[in-house]
Undergrad: 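Below you'll find the structure I mean.
Please read these numbers as outputs of a predicted model, since none were measured by experiment.
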Amino acid sequence: KCPCVLAADPAKPPRCFELNTFRHGDIAVHGFIRDFRRSTETETASLKLTAPAYLYDVRRRQFLGRSDTAALTMAPGDATLIAALPYQLERLEVAARENTPGRLTVSATLAATAPTAPLGRHILHCQLTDPDGLSLPPWRQNLAASDGLLTTAIPLGLNRKNGVWTILVRDILTGLESTTTLTLSAN
């Protein structure tokens with residue numbers, strides 16, 4: 001049975017909501033858009049799931065709680081993504097080191113609160129910022145973390161700057177993020 005959109009007022013069915021669901025294992029992401037061509041006012045409706053799940057508003061990076069329904073208030077043209085997970089993410093741990101000159105190794109681990117299911121495949125946004133506050137495109141990556149684990153090497157170059165580097169890692173589905181720093185000195 002598929003999820004459905006229900007009206008806040010049963011006498012007035014929801015208008016102009018489009019729902020698409022994307023699944024990977026036990027993780028589902030429900031995408032909504034309001035058709036701006038056929039609606040002119042903001043409307044409230046609910047997403048009704050077949051079973052309770054840990055719900056996250058992906059775009060707002062907000063935990064909505066464990067439920068089988070999520071309220072949606074959307075203006076014409078708005079889009080919303082609701083992630084439904086079989087577990088609640090509790091923390092994201094990040095570590096970084098420079099094992100080889102000019103190459104940074106970043107490790108990230110996701111942990112769930114009382115996991116009732118193995119962690120699925122999450123996409124983590126990893127961003128490095130140099131001591132001057134600069135973050136170049138090769139230092140910003142979206143990487144797959146199967147089973148909640150990620151280890152990646154990011155080239156900095158042999159001429160990288162000395163000083164305090166900042167490493168930010170964010171889980172795309174839940175918005176959970178962690179930051180760490182690493183002081184690099186002369187090679």
Side-chain angles (χ1 to χ4, degrees), residues 1-6 17-33 45-72 74 79-100 103-129 135 137-156 165-182:
K1 190 175 176 185
C2 296
C4 61
V5 178
L6 302 174
F17 280 86
E18 182 179 328
L19 165 64
N20 289 289
T21 299
F22 308 92
R23 296 186 186 282
H24 191 277
D26 290 338
I27 296 173
V29 177
H30 307 285
F32 301 89
I33 191 164
S46 294
L47 165 67
K48 177 71 173 157
L49 302 176
T50 57
Y54 294 93
L55 304 178
Y56 294 86
D57 185 322
V58 176
R59 297 185 73 202
R60 290 187 177 101
R61 301 179 187 157
Q62 181 180 23
F63 178 57
L64 302 175
R66 186 171 193 276
S67 180
D68 63 351
T69 59
L72 306 168
M74 298 175 64
T80 300
L81 291 173
I82 303 293
L85 281 65
Y87 46 80
Q88 179 183 357
L89 286 185
E90 178 181 47
R91 69 183 182 280
L92 171 58
E93 298 171 356
V94 177
R97 63 188 182 286
E98 185 182 34
N99 288 348
T100 306
R103 188 180 263 327
L104 195 66
T105 300
V106 176
S107 300
T109 305
L110 289 165
T113 304
T116 56
L119 291 182
R121 183 176 188 226
H122 285 255
I123 303 300
L124 301 180
H125 175 74
C126 182
Q127 179 173 319
L128 306 181
T129 306
S135 181
W139 301 342
R140 296 185 302 264
Q141 301 177 10
N142 293 326
L143 304 164
S146 297
D147 302 320
L149 302 172
L150 168 73
T151 300
T152 189
I154 301 175
L156 302 178
W165 287 69
T166 303
I167 302 97
L168 170 107
V169 177
R170 179 185 309 114
D171 178 51
I172 299 297
L173 288 179
T174 66
L176 187 64
E177 67 180 47
S178 183
T179 303
T180 191
T181 58
L182 180 67

Undergrad: For Leu124 versus Ala145, what's the shortest heavy-atom pair and its separation?
TA: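 Nearest heavy atoms, Leu124 then Ala145: CD1-CB, 3.7 Å.
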Undergrad: Decide yes or no for Leu168 and Val94: does some side-chain heavy atom of the first lie under 4.5 Å from some side-chain heavy atom of the second?
TA: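 No; the side chains remain at least 4.5 Å from each other.
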Undergrad: Only one of Arg91, His122, Glu93 forms a side chain to side chain contact (heavy atoms under 4.5 Å, CB included) with Leu110, so which one is it?
TA: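 It is His122; the other options fail the test.
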Undergrad: Let me confirm one number: the CH2-CG distance from Trp139 to Leu156, rounded to the nearest 0.5 Å.
TA: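 CG of Leu156 is found 6.5 Å from CH2 of Trp139.
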Undergrad: Between Ser67 and Leu55, which heavy-atom pair has the shortest distance, and what is it?
TA: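 The pair with the smallest heavy-atom distance is O-CD1, 3.9 Å.
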Undergrad: Hey, can you tell me if Tyr56 and Phe63 have their rings parallel, tilted or perpendicular (30° and 60° cut-offs)?
TA: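 Tyr56 vs Phe63 ring planes: tilted.
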Undergrad: I'd like to know whether Ile154 forms a side-chain contact (heavy atoms from CB on, under 4.5 Å) with Gln141, so could you lay out the CA-CA distance, the side-chain angles of the two residues, the decisive distance to 0.1 Å, and finally the verdict.
TA: CA-CA 9 Å; Ile154 301 175; Gln141 301 177 10; 4.1 Å; yes
Undergrad: Please indicate whether His24 has more than 12 foreign heavy atoms, meaning atoms of other residues, nucleotides or ligands, lying under 6.0 Å from its NE2.
TA: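 No, not enclosed.
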Undergrad: Quick one: does Ser46's side chain have a donor or acceptor within less than 3.5 Å of a partner on Lys48's backbone?
TA: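 Such a contact is absent between Ser46 side chain and Lys48 backbone.
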Undergrad: Between Arg140 and Cys126, is there a side-chain heavy-atom distance shorter than 4.5 Å?
TA: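 No, their side chains stay 4.5 Å or more apart.
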Undergrad: Mark yes or no for whether Thr180, through its side chain, and Ala95, through its backbone, hold a donor-acceptor pair below 3.5 Å.
TA: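 Answer holds: no.
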Undergrad: For side-chain contact (heavy atoms from CB on, under 4.5 Å), just list the numbers for Ile82 and Val58, CA-CA rounded to whole Å, side-chain angles, deciding distance to a tenth of an Å, and then say yes or no.
TA: CA-CA 6 Å; Ile82 303 293; Val58 176; over 6 Å; no
Undergrad: So which atom in Ile27 and which in Gly120 form the shortest heavy-atom distance, rounded to 0.1 Å?
TA: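 Heavy-atom minimum between the residues: CD1-CA, 4.0 Å.
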Undergrad: Between Thr179 and Ile167, is any pair of side-chain heavy atoms under 4.5 Å apart?
TA: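 When only atoms from C-beta onward are counted, Ile167 and Thr179 do not touch, as no gap falls below 4.5 Å.
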Undergrad: Do Trp165 and Thr181 have side-chain heavy atoms sitting under 4.5 Å apart?
TA: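 No, every pair of side-chain atoms sits at 4.5 Å or beyond.
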Undergrad: For residues His125 and Val169, determine if any side-chain heavy atom of one lies less than 4.5 Å from a side-chain heavy atom of the other.
TA: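 His125 vs Val169: side chains apart.
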Undergrad: Please report the interatomic distance CD(Gln127) to OG(Ser135), rounded to the nearest 0.5 Å.
TA: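 Answer for the CD-OG pair, Gln127 versus Ser135, is 4.0 Å.
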Undergrad: Minimum heavy-atom separation for Gly175 and Arg170, please, with both atom names.
TA: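 Gly175 and Arg170 have their closest heavy atoms at O-CG, 3.9 Å.
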Undergrad: Determine, step by step, whether Leu19 and His30 satisfy the side-chain contact (heavy atoms from CB on, under 4.5 Å) criterion, reporting the C-alpha distance in whole Å, the side-chain angles of both residues, the deciding distance to 0.1 Å, and the verdict.
TA: CA-CA 7 Å; Leu19 165 64; His30 307 285; 3.9 Å; yes
Undergrad: For a side-chain contact (heavy atoms from CB on, under 4.5 Å) check, start with the C-alpha distance between Thr105 and Thr151, then their side-chain angles and the critical distance, and finish with the verdict.
TA: CA-CA 7 Å; Thr105 300; Thr151 300; 3.9 Å; yes
Undergrad: Hey, what do you get for CD1 (Ile33) to CG (Asn20), rounding to the nearest 0.5 Å?
TA: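 Between atom CD1 of Ile33 and atom CG of Asn20 there are 9.5 Å.
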Undergrad: So do Thr174 and Leu92 actually touch side chain to side chain, heavy atoms under 4.5 Å?
TA: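 Leu92 does not reach Thr174 side chain to side chain.
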Undergrad: Testing Arg59, Arg60, Arg61 for side-chain hydrogen bond (donor to acceptor under 3.5 Å, both in side chains) with Asp57, which one passes?
TA: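 Only one option passes, and that is Arg60.
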Undergrad: Looking at every non-hydrogen atom in both residues, tell me the closest pair between Leu47 and Phe32 and how far apart they are.
TA: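 So the minimum-distance heavy-atom pair works out to CD1-CZ, 3.5 Å.
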Undergrad: Could you tell me if the side chain of Leu104 sits less than 4.5 Å from the side chain of Leu128, heavy atoms only?
TA: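 Heavy-atom side-chain distance check passes, below 4.5 Å.
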Undergrad: Where is the tightest heavy-atom contact between Asp171 and Ile123, given as atom of each residue plus distance?
TA: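 Scanning both residues completely, I find the closest heavy atoms to be OD1-O, 3.6 Å.
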Undergrad: Would you say Val106 and Arg97 make side-chain contact, with heavy atoms under 4.5 Å?
TA: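 Counting from C-beta outward, Val106 and Arg97 never come under 4.5 Å.
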